[in-house]
Amino acid sequence: MNHPPPSAWVPYLYRETAPELRAELDHHLQVCPECRALVDSWRTTLGRLDRWQLPGPRPTPAASPSPL
């Protein structure tokens, strides 16, 4: 089976693929468990990244006086 290259999946994941190509990729995912698992793992990772939040700023230590 010919698998689409990873470069075809990136726009697919971001919904930027032309409708004709999207239909082809959708069909491929229906018949190829290997690619389906790969795309599902990418979707999971993207979802985790979307939910990730940076921690708040750390308090800065008090400045010590300069020695004279």
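L25 and Y14 fall within the same hydrophobic cluster, defined by Ile, Leu, Val, Met, Phe, Trp and Tyr side-chain heavy atoms under 4.5 Å apart, directly or through other members.
Residues passing the side chain to side chain contact (heavy atoms under 4.5 Å, CB included) test with R58: none are found, sequence neighbours excluded.
Side-chain contact between Y12 and L21: absent, with no pair of heavy atoms (C-beta onward) separated by less than 4.5 Å.
Residue pairs meeting the salt bridge (Lys or Arg N to Asp or Glu O under 4.0 Å) criterion with at least one partner in residues 44-53, sequence neighbours excluded, are absent.
The two residues A8 and P11 come nearest to each other via the heavy atoms O-CD, 3.6 Å. Between W9 and C35, the closest heavy-atom pair is CZ2-CB, 4.2 Å.
Results of the side-chain contact (heavy atoms from CB on, under 4.5 Å) test with C32 over R36, Q30, E34 single out E34 as the only residue that passes.
The aromatic rings of H28 and H3 lie perpendicular to each other, with more than 60° between the two planes, well past the 30° mark.
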